[in-house]
J.: 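To start, I am sharing the structure in question, which I have written as structure tokens.
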Amino acid sequence: MLEGKLLIGGKWISCKSKFESLNPATGEVFGRACLAGKKEVKEAVGAARLAFPDWKKTDISERARIFIRIGDELLKRKQELKTLITMEMGRPLFESDIEVLLTYEMVKYFANEGKKYLEGEAIQINPDTFSFTRFEPVGVVGIIKPWNYPMLLPFWAIAPALLAGNTAVLKPSDLTPFVGIEVGKICQDAGIPDGVINIVTGDGSTGESLVSSDIDMVSFTGSSQTGKNIMKNSAEKLHRISLELGGSDAFIVFKDADIEEAINGAVWGRFMNCGQVCVAPKRIFVEDDIADSFIEGFVNKAKNLVIGNGLDPGTDIGPMVSMEQREKLELQVEDAVRKGATTECGGKIPLPLQDGYYYEPTVLTGVTPEMKVMNEEVFGPVAVISIFDNMYEAIACANRTVYGLGASVWTKNLDIAMRMSSQLECGMVWVNEVCTLHPQCPWCGIKHSGMGKDLSRYGIREFVSIKHVNINFGTEKTRP
Ligand code: NAD
């Protein structure tokens, strides 16, 4: 059994209070991690504060070299990392492999490109006066992350935040504390100085303590409800906050699309990571002319997905992360069926897999706007398909949600693609693609999906303040 410690000021420290991390494929206890309280959080923030002045002064090229080494560590440890991720949160090994590679690519991107996005610019005002801008680190960043990409999302903030000269305290999810601890070990082994990154494991109360501590910024990814709580709790101190929250993305298929490709995209997007992806297509809309063939093809593929332990090489879909998440999903499906939806396949806990938190890949049709599956975020392997008649109806249906994270549009018609991308109320639109991410492109949501900007030049600038310096070096007086 693994025993977890806290990383504070470069030292691994135990604490009295502990909590268990379970393997969702078996329900067995996988390890015991420290539940950091107010005292430990204060010490971690104190260590980050102490390390800040020196780290901020380090040449950015030196900081970038450390992140190149972090990338190398990720590749070197890929096998052990992907096994750990699969054992702690359930997804198939091949998907954990993708997560480690995405983390590597993103870290390398910031290490190689970050510097140029932090260069200030000179602004000539008149012959005697000129201005310039400086980008300065914010200070100590509290990084609070969820369990669904437990390696990628912490580094998603750590890389730009630290490269920009901040120090940080990471609070990983209580469902994946050991992946979070591994993040700390990788940083240490790559040469991050003591106190620059600190790790406090724990639950929501640990996160709350971090938000109300002496930090300068919160970088949060997680549910919309927790995002709202963080915003409220940050108001008193006026912390800077970056919030990447939940989504209920529309996946819209027009009759001229390549239907086979659209079905493959929808199956991958909806069932990858057992449906537990912020930008998964949570509401699928199909034009009426092609609805029957799309639904038939989609249901056939969903039925053939192999459910099992993520460690088995033949597994397509692992367990959900926890009993609590599965119970929430069951209630959403029950609500839809009670209100008249048709279950085309799935809708149950698979009989041979009673020990872990498994749920069958499920397809619901005949859904209506008042059902929970159309209003709440559906975070599990349940696809919800509706039919539309024309583009205007598709836009209205897609926008009928409080969320605004992403959307996926399938068409060969450029005019439709362009109109849809301007009319959809969300932060990202994929055309003939789904759920892809590129470190050089921004990742962002609107409405209840948050107000953060991650990745790209915009992502690194979330972690700096801009200062304007104005210099008058002329001999003549400029004031009236
Ligand atoms: P969650 O909100 O329950 O928890 C996220 C983190 O916040 C955890 O570390 C948790 O311990 C901590 N936390 C809980 N209560 C807190 C509080 N009051 N103050 C401070 N911290 C607190 O979310 P989750 O179940 O871990 O993750 C799933 C959610 O994350 C989904 O809604 C998903 O869409 C979203 N998500 C969004 C993105 C994105 O980029 N927009 C990416 C991944 C996941």
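First listed ligand is number 1; within each ligand, the first listed atom is number 1. For clarity, every value in this text was computed on a predicted model and none was experimentally measured.
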J.: Under 4.0 Å from a heavy atom of P146: give me the atoms of ligand 1 that qualify, with their elements.
T.: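 Within the 4.0 Å cut-off of P146, ligand 1 contributes 24 (P), 26 (O), 27 (O), 44 (C).
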J.: Check each atom of ligand 1 against the heavy atoms of T226 and keep those under 4.0 Å away; list them by number with element.
T.: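 Atoms satisfying the 4.0 Å criterion: 1 (P), 2 (O), 3 (O), 7 (O), 13 (N), 14 (C), 15 (N), 16 (C), 17 (C), 22 (C).
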J.: Do L101 and L75 come within less than 4.5 Å of each other through their side chains, counting heavy atoms only?
T.: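 Counting from C-beta outward, L101 and L75 do come under 4.5 Å.
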J.: With backbone taken as N, CA, C and O and side chain as the heavy atoms from C-beta onward, which portion of N148 lies under 4.0 Å from ligand 1: side chain, backbone, both, or neither?
T.: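 N148 to ligand 1: side-chain contact only, backbone stays beyond 4.0 Å.
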J.: With heavy atoms of E208 as the reference, note each atom of ligand 1 found under 4.0 Å away.
T.: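 Close to E208: 17 (C), 18 (N), 19 (N), 20 (C).
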J.: Which ligand 1 atoms, with their elements, are less than 4.0 angstrom from a heavy-atom of I230?
T.: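 The list of qualifying atoms is 19 (N), 20 (C).
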J.: Between ligand 1 and G227, can you find any atom pair, the residue atom being a heavy atom, that is separated by under 4.0 Å?
T.: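 Contact absent.
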J.: Where on F379 is there a heavy atom closer than 4.0 Å to ligand 1, on the side chain, on the backbone, on both, or on neither?
T.: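 Under 4.0 Å from ligand 1, F379 contributes side-chain atoms alone.
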J.: With heavy atoms only and a cut-off of under 4.0 Å, state how L153 meets ligand 1: side chain, backbone, both or neither.
T.: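 Only the side chain of L153 comes within reach of ligand 1.
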J.: Taking N or O atoms only and a 3.5 Å limit, does K145 qualify as a polar contact for ligand 1?
T.: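 Such a contact does occur with ligand 1.
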J.: Please could you name the atoms of ligand 1 that G207 approaches to less than 4.0 Å, counting only its heavy atoms?
T.: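 Those atoms are 19 (N), 20 (C), 21 (N).
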J.: Is there a salt bridge (Lys or Arg N to Asp or Glu O under 4.0 Å) between K18 and E3? Walk through the geometry before answering.
T.: CA-CA 9 Å; K18 299 268 182 170; E3 284 292 329; 3.5 Å; yes
J.: Decide yes or no for K38 and S213: does some side-chain heavy atom of the first lie under 4.5 Å from some side-chain heavy atom of the second?
T.: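 Heavy-atom side-chain distance check fails, nothing below 4.5 Å.
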J.: Under a 4.0 angstrom heavy-atom cut-off, which atoms of ligand 1 come close to D174?
T.: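 Under 4.0 Å from D174, ligand 1 has these atoms: 11 (O).
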J.: Which residue and atom name correspond to the protein heavy atom nearest atom 12 (C) of ligand 1, and how close is it?
T.: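 Looking at atom 12 (C) of ligand 1, the protein heavy atom closest to it is I144 CG2, 3.7 Å.
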J.: Purely on distance, is any nitrogen or oxygen of K171 under 3.5 Å from one on ligand 1?
T.: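 Yes.
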J.: Are any non-hydrogen side-chain atoms of R91 and Y149 less than 4.5 angstrom apart?
T.: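 Sidechains of Y149 and R91: in contact.
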J.: Evaluate the side-chain proximity of Q325 to Y357: yes if any heavy-atom separation is below 4.5 Å, no if none is.
T.: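 Side chain of Y357 against side chain of Q325, heavy atoms only: no contact under 4.5 Å found.
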J.: In terms of residue, atom name and distance, what is the protein heavy atom nearest to atom 40 (O) of ligand 1?
T.: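 I find the closest protein heavy atom is W443 NE1, 2.9 Å.
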J.: Just need the protein heavy atom nearest to atom 35 (C) of ligand 1, so name the residue and atom and give the distance.
T.: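 Its nearest protein heavy-atom neighbour is G222 O, 3.3 Å.
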J.: Is a salt bridge present between K185 and E182, judged by a nitrogen-to-oxygen distance below 4.0 Å?
T.: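 Yes, K185 and E182 are salt-bridged.
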J.: Which protein non-hydrogen atom lies closest to atom 23 (O) of ligand 1, naming both residue and atom, and how far is it?
T.: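 Of the protein heavy atoms, S223 N, 3.4 Å lies nearest.
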J.: What about the rings of F251 and W268, do their centers lie closer together than 6.0 Å?
T.: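 When the ring centroids of F251 and W268 are compared, they turn out to be at least 6.0 Å apart.
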J.: Give the atom numbers and elements of ligand 1 that come within less than 4.0 Å of a heavy atom of L405.
T.: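 Answer for ligand 1: 41 (N).
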J.: Assess F220 for proximity to ligand 1: is some non-hydrogen atom of it under 4.0 Å away?
T.: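 Yes.
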J.: Should E324 and K328 count as an ion pair when the cut-off is N to O under 4.0 Å?
T.: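 The answer is no: the pair does not qualify as a salt bridge.
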J.: Can you tell whether the side chains of E370 and K339 come within less than 4.0 Å, N to carboxylate O?
T.: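 Looking at E370 and K339, the cut-off is not met.
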J.: So does E334 pair up with R338, basic N to acidic O under 4.0 Å?
T.: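 No, no charged N to carboxylate O under 4.0 Å.
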J.: Out of C278, A280, G202, who gets a non-hydrogen atom closest to atom 38 (C) of ligand 1?
T.: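 The option holding the nearest heavy atom is C278.
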J.: Check contact between D454 and ligand 1, using heavy atoms of the residue and a distance below 4.0 angstrom.
T.: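 No heavy atom of D454 comes that close to ligand 1.
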J.: Counting distance only, does the side-chain N/O of K453 pair as donor-acceptor with the main-chain N or O of E462 below 3.5 Å?
T.: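 Between the backbone of E462 and the side chain of K453 there is no qualifying donor-acceptor contact (under 3.5 Å).
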J.: For ligand 1, which atoms sit closer than 4.0 Å to a heavy atom of S173?
T.: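 That gives atoms 9 (O) of ligand 1.
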J.: I want to check something: taking the side chain as every heavy atom from C-beta on, are L329 and V378 in contact at a cut-off of under 4.5 Å?
T.: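 With C-beta onward as the side chain, the pair touches.
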J.: Are any of the N/O atoms on E377, whether in the backbone or the side chain, positioned under 3.5 angstrom from an N/O atom of ligand 1?
T.: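 Yes, E377 has an N/O under 3.5 Å of an N/O on ligand 1.
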J.: Can you name the closest pair of heavy atoms from A266 and I284 and give their distance?
T.: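 Looks like CB-CD1, 4.3 Å.
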J.: Side-chain contact test, heavy atoms from C-beta onward, threshold under 4.5 Å: evaluate it for I199 versus P172 and give yes or no.
T.: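 Yes, close enough: below the 4.5 Å cut-off.
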J.: Under 3.5 Å between any N/O of W147 and any N/O of ligand 1: does that happen in this structure?
T.: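 Min N/O separation from ligand 1 is below 3.5 Å for W147.
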J.: Consider every N or O of L245 and every N or O of ligand 1, then say whether any pair is closer than 3.5 Å.
T.: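 N/O-N/O distance below 3.5 Å exists for this pair.
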J.: Is the shortest side-chain N to carboxylate O distance from R49 to D216 below 4.0 Å?
T.: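 Yes.
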J.: Heavy atom under 4.0 Å from ligand 1: found in P172's side chain, backbone, both, or neither?
T.: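 Answer for P172: backbone.
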J.: Could you walk me through whether K145 and T221 pass the side-chain hydrogen bond (donor to acceptor under 3.5 Å, both in side chains) check?
T.: CA-CA 5 Å; K145 296 288 153 176; T221 307; 2.8 Å; yes
J.: Checking the N or O distance criterion of under 3.5 Å, is ligand 1 in contact with K282?
T.: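 The answer is no, given that K282 and ligand 1 share no N or O pair closer than 3.5 Å.
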J.: So, is N229 polar-close to ligand 1, with some N/O to N/O distance under 3.5 Å?
T.: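 Between N229 and ligand 1, no N or O pair is found under 3.5 Å apart.
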